[in-house]
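Below: the structure, in structure tokens.
In what follows, chains carry the letters A, B, and so on, assigned in the order in which the sequence lines appear, proteins first and then strands, with residues in each chain numbered from 1. Only a predicted model underlies this, so the values are computations on that prediction, with no experimental measurement involved.
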Number of protein chains: 2
Amino acid sequence: MSTVGKAVSLLELFTLHEPEIGLSDLARRAGLDKATARRLLMALAAHRLIEQEPRSRRYRLGAGLSRLARIRDAHFPFVRLAAPVIRELSLETGETVHLSEFSAGALLTLHVELSAKANRVNVDVGQVLPLHGTASGIAFLAASRLEVVSAYLEKPLQAFTAHTMTGPDTLAKAIAFAAASGYSRSSEGYEEGVHSIGAAILGSDGQPVGTLSIASPLSRVDDAVAGAQGQAAVRAARMISARLTGEA
Amino acid sequence: MSTVGKAVSLLELFTLHEPEIGLSDLARRAGLDKATARRLLMALAAHRLIEQEPRSRRYRLGAGLSRLARIRDAHFPFVRLAAPVIRELSLETGETVHLSEFSAGALLTLHVELSAKANRVNVDVGQVLPLHGTASGIAFLAASRLEVVSAYLEKPLQAFTAHTMTGPDTLAKAIAFAAASGYSRSSEGYEEGVHSIGAAILGSDGQPVGTLSIASPLSRVDDAVAGAQGQAAVRAARMISARLTGEA
DNA sequence: AAACAGCGGTTCAAATAGTGAACCAAATGG
DNA sequence: CCATTTGGTTCACTATTTGAACCGCTGTTT
């Protein structure tokens, strides 16, 4: 791997649940020598992509990332353009709706509008969702190029519940359904008792950049409701795609 | 410079005003060979820190940055903790107040609360402010270690208006005033007709992490007003510092 | 209190990864 | 339509990266 790749993979070790990590730990997890890890960290720190807590000497992500992210968001305002549509979809369906962007082989939850109902599905911003096992993921795969799909399906897939689809055939069927109808459907594929409808959001090149998903308690959804949610999801996703590509 | 440093300096070429740049341009500005620049861009793209617009083939900052920035912001919630204090300070003074974080030798504007008055100072989120020439910058320097200050003052300093302080002696005096009183004052140092009061916000190690600044039309400020604003700015900055370090 | 284990950090010869001049083909633009 | 510039590629050369062994320090265990 390139030196730059190694440096970035150090950054990717930090998560919401573990935002500060020590040198030895960092090196171990990245599969690097301590000396190498340190040199890379110093290079990153010189540009404020990494900061070191002076007391504990542990490392954390730096302010430069906030700065760069702001520049990007100003130019590619995925969340800003999508948020109103997501909100409206949530009001229309009465369910929790969330927006995800594809990043590094998975979907990253960027925005959530919670249902007003007492019995609702809760989703956290920042949560990372797998491509299989979530309605969002299936919708994303259905909109992706074939080579991307087959590359993803080759790897062994983790089962999150007893209902998670992990077999290539089952997944192919779900993807085919999503490709045909524009939306995907998943019952308890990622969490027990949760039903989801997903739809892909396309960028200016026609490739999917992310997804939106309507998440309901399973008890509230039958085939008729799912169909209606599917139509609404497709409409919302198309509207966001249009805004992204400057068509609206 | 390290390879990683070169890669990051490529990222830093993107700005709010120029969010997409072509390969040759990028290489030229970074002082790198085209082949080198491309290899670095590819390494960054593999981790989604860079994206390439397929149509124009130009490069832009990638979604991975948004993801990493979110992780950082969740852990080091500078803006989240400071925003309410900034808002209150704006209401109290009736003027525009903005929050900046130090990054890569300058102050990055992260949050703004605009004055309700018709005649007000407008500041953009994302704007990069120099350390000299702004009240924020002077306050930041006054709270920094001496070696940081002298390193900064060694370089030639740009004048933004006829009133910008660029001489080492003038700046030293302004810094001494800020160090003694806790706040800094600047008249038209960065923009004509704008008066600013700045105060530094300190992190858990006692080093400044950023600043807040009250910006008023020059016509509305005399010495008495400036003094009152200074006291208010210091109080607000201390409150944010305390929240950051978990003392409140 | 002594021995230990782990930490962050450093060194330098050996090895690997990075570099850039010269080269395309394709897209601009005068 | 020709000149220029673009994004992209190649490969011999070389400078950067690498990691085992080494500090000194801190906190824990015996």
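Among the atoms of the strands shown, only primed sugar atoms or phosphate atoms (P, OP1, OP2) are found under 4.0 Å from some heavy atom of R28(B).
For R38(A), counting side-chain heavy atoms from C-beta on, the closest listed nucleotide (dG9(C), dG20(C), dT11(C)) is dG9(C). Considering only side-chain atoms of T3(B), the nucleotide from dG9(C), dT9(D), dG18(C) that sits closest is dG18(C).
Remark: T36(B) is in phosphate contact with dG20(C), judged by side-chain N or O atoms under 4.0 Å from OP1 or OP2. In this structure, S24(B) reaches the dG7(D) phosphate: one of its side-chain N or O atoms is under 4.0 Å from OP1 or OP2. The side chain of R57(B) places no N or O atom within less than 4.0 Å of a non-bridging phosphate oxygen (OP1 or OP2) of dG7(D). A sub-4.0 Å separation between OP1 or OP2 of dC11(D) and a side-chain N or O of R39(B) is absent. Contact between the side-chain N/O atoms of K6(B) and the OP1/OP2 oxygens of dG18(C) is not found at any separation under 4.0 Å. For dT6(D), neither phosphate oxygen OP1 nor OP2 lies less than 4.0 angstrom from any side-chain nitrogen or oxygen of Y59(B).
To the nearest angstrom, P of dT9(D) lies 10 Å from CG of L23(B). For K34(B) and dT9(D), the NZ to P distance is 11 Å, given to the nearest whole Å. Taking atom CG on L40(A) and atom P on dG18(C), their separation rounds to 11 Å, with Å as the unit. Between the CG atom of D33(A) and the C1' atom of dA14(C) there is a distance of 14 Å, rounded to whole Å. One can place CG of L26(B) at 18 Å from P of dT5(D), the figure rounded to the nearest angstrom. Rounded to a whole Å, the CE atom of M42(B) is 12 Å from the P atom of dT10(D).
Cation-pi check for R60(A) over F14(A) is not met; the charged atom does not lie both under 6.0 angstrom from the ring centroid and within 45 degrees of its normal.
In this structure, E12(B) CD and L68(A) CG are separated by 6.5 Å, a value rounded to the nearest 0.5 Å.
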